[in-house]
**Q** 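Here it is: the structure, laid out below.
First listed ligand is number 1; within each ligand, the first listed atom is number 1. Side chains included, hydrogens not; waters and symmetry mates left out as well; all remaining heavy atoms used. These numbers come from a predicted model, not from an experiment.
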Amino acid sequence: MKETRKVFLLDDDDLIISMLSRSLKKAGFDVQTDTESGGALQKIKSFNPDVVMLDIKMPKPDGMDILREIQDSQIETQVVMLTSDDTAETAVTAMKLGAADYLTKPFHTDEVKIVIDKVIEKERLKQEVQFLRKAYSEFVEKDIIGRSEAIRGLLEKVDRIARARVNNILITGESGTGKEVVARHIHNLMFEQNSTGHAPFITVNCAAMPESLLESELFGYIKGSFTDAKSDKKGLFELASGGTILLDEIGEMKMDLQSKLLRVLEDRTIRRIGGKSEMPIDATVIATTNKNLSDAVGKSEFRKDLFFRLSTFYLHIIPLRERREDVAPLADHFLNIFTAKYNNPSLKGFTPEAMQVLTSASWPGNVRELKNLIERIVVLETTDMIGPEHIPGWITGGTMSNGPKPSNGFRLPDAGIDLENLEKNLIRQALEKAEYNKALAAKMLNMSYDSLRYQVKKFGLESS
Ligand SMILES: Nc1ncnc2c1ncn2[C@@H]1O[C@H](COP(=O)(O)OP(=O)(O)OP(=O)(O)O)[C@@H](O)[C@H]1O
Ligand SMILES: [Mg+2]
């Protein structure tokens with residue numbers, strides 16, 4: 001691992017460059033900067049930084065172009081985008097393209113350091129878990145927080161699956177919805193509760209390794225079976241024996257390896273690369289993905305037989321915006337954790353207005369985004385109650401005001417909104433106001449009775 005951490009800054013604003021590079025150098029980073037993006041990629045390649053910070057808005061090629069170039073040339077670095085409020089939406093796209101995080105201008109230099117440290121730490125942990133057997137209860141919650149019907153239903157199902165000790169489980173859901181927390185929870189229920197010994201929990205990220213390496217990591221090998229096989233090596237399936245192996249991002253696994261995995265799941269045996277004998281495996285296999293696997297099957301990117309095999313025990317975690325009742329308990333939970341971690345006991349809680357704002361936000365990054373936000377607030381704000389003013393604009397962008405009825409004057413926030421959710425939310429409010437008199441609710445929304453009825457059905461808003 002490198003000793004001094006290196007950061008490369010690219011921004012056409014001299015002021016930002018000099019402010020950032022001064023404070024990062026002071027914090028012990030090795031910093032290189034550029035204000036022009038033309039030759040930036042070459043400089044990044046030769047500097048080999050841990051983190052690259054890219055301004056989104058620049059004369060072409062802009063930050064997004066450079067991000068794509070970095071991804072295309074497979075430079076191993078973490079990218080943090082620098083945005084202004086009006087490019088926040090682009091920042092979300094950037095995260096989807098593989099940026100590790102983003103910062104909205106104007107930012108506080110402490111905030112920058114936290115983000116860089118976090119990005120570096122996350123990458124370090126990711127590398128560690130790819131190759132090591134590791135219990136990582138310290139950064140994934142042990143408990144699943146939530147009171148929505150979806151979460152209660154999920155927990156019940158999880159309980160039954162764990163008691164039955166099934167051999168393989170598939171967990172799907174958008175990024176940040178808690179697939180890994182659920183996987184760990186299942187593992188704890190299955191192995192940790194009544195045993196004193198330590199059952200292994202091994203995570204393998206199927207997207208992060210080249211196929212051949214992934215195969216040898218999973219199955220192990222016999223000395224001499226290929227050039228680098230200097231001695232026998234156990235595979236992760238073997239190491240997970242008596243516990244759980246989590247195959248993260250299974251949707252990215254190559255077809256060839258998929259058929260080998262299917263064989264493992266069906267026969268419950270593995271054979272090391274170059275090995276002659278089959279060995280029984282005794283590990284629960286949990287696969288997770290944020291891809292829609294049945295779509296991937298349709299596009300012939302994922303084997304149908306493997307999909308069927310995996311989906312016998314199938315758990316889907318819905319996005320946070322579809323279970324808003326969970327926002328408050330999660331926010332309280334993270335506030336407790338971070339006020340303790342950063343020793344900030346004077347921060348007592350959220351005002352009802354702040355909680356309202358959090359509850360109606362759209363959370364494209366789901367629970368992870370909420371958790372990160374609360375951490376930032378705990379570190380950066382000196383207040384005893386968190387109010388709406390402490391919540392950044394890009395979070396509140398999708399929320400509705402309690403002010404006068406928005407009509408033609410309704411202004412689209414810079415960060416955009418989740419239109420479908422807004423619609424659902426408004427229809428629900430109208431129904432509640434009209435005490436489920438649909439004709440009245442339709443009138444409030446200036447729509448026909450029939451189209452309201454259609455929408456109510458579509459969004460599942462029938463009164464119970
Ligand atoms: N219901 C929950 N209760 C408590 N913490 C949660 C819950 N859901 C998610 N978290 C926290 O949110 C963060 C993201 O969760 P997790 O890593 O499980 O997401 P994921 O679905 O695996 O995401 P990705 O697809 O990006 O890997 C973690 O820090 C996790 O501890
Ligand atoms: Mg995950």
**Q** Can you tell which of Ile169, Thr172, Ile171 makes a side chain to side chain contact (heavy atoms under 4.5 Å, CB included) with Tyr314?
**A**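 The residue from Ile169, Thr172, Ile171 that satisfies side chain to side chain contact (heavy atoms under 4.5 Å, CB included) with Tyr314 turns out to be Thr172.
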**Q** Quick one: which ligand 1 atoms are inside 4.0 Å of a heavy atom on Glu180?
**A**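 That gives atoms 17 (O), 18 (O), 22 (O) of ligand 1.
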**Q** Enumerate the atoms of ligand 1 whose separation from the nearest heavy atom of Asn290 is less than 4.0 angstrom.
**A**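 Answer, ordered by atom number: 25 (O).
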**Q** Please examine the side chains of Leu358 and Leu373, heavy atoms only from C-beta on, and report whether any two atoms are closer than 4.5 Å.
**A**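 Sidechains of Leu358 and Leu373: in contact.
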**Q** Less than 3.5 Å between some nitrogen or oxygen of Gly178 and one of ligand 1, yes or no?
**A**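 By distance alone, the answer is yes.
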**Q** Say whether Leu330, considering both its backbone and side-chain N or O atoms, lies within less than 3.5 Å of an N or O atom on ligand 1.
**A**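 Between Leu330 and ligand 1, no N or O pair is found under 3.5 Å apart.
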**Q** Side chains of Ile286 and Thr284: closer than 4.5 Å at any heavy-atom pair?
**A**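 Yes - at least one pair of side-chain heavy atoms lies under 4.5 Å apart.
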**Q** Taking distance alone, with N or O pairs closer than 3.5 Å, would you say Lys179 contacts ligand 1?
**A**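 Yes, there is a polar N/O contact under 3.5 Å.
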**Q** Check whether any side-chain N or O of Gln258 sits under 3.5 Å from a backbone N or O of Met253 as a donor-acceptor pair, and report yes or no.
**A**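 Flag set: sc Gln258 to bb Met253 pair under 3.5 Å.
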**Q** With only distance considered, is Val181 within less than 3.5 Å of ligand 1 through an N or O on each side?
**A**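 Yes, since at least one N or O of Val181 sits under 3.5 Å from an N or O of ligand 1.
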**Q** Answer with yes or no whether Gly146 contacts ligand 1, where contact means a heavy atom under 4.0 Å from a ligand atom.
**A**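 Under 4.0 Å: no for Gly146.
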**Q** Side chains of Arg368 and Ser175 only: does a donor on one sit below 3.5 Å from an acceptor on the other?
**A**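 Present: a donor and an acceptor within the cut-off.
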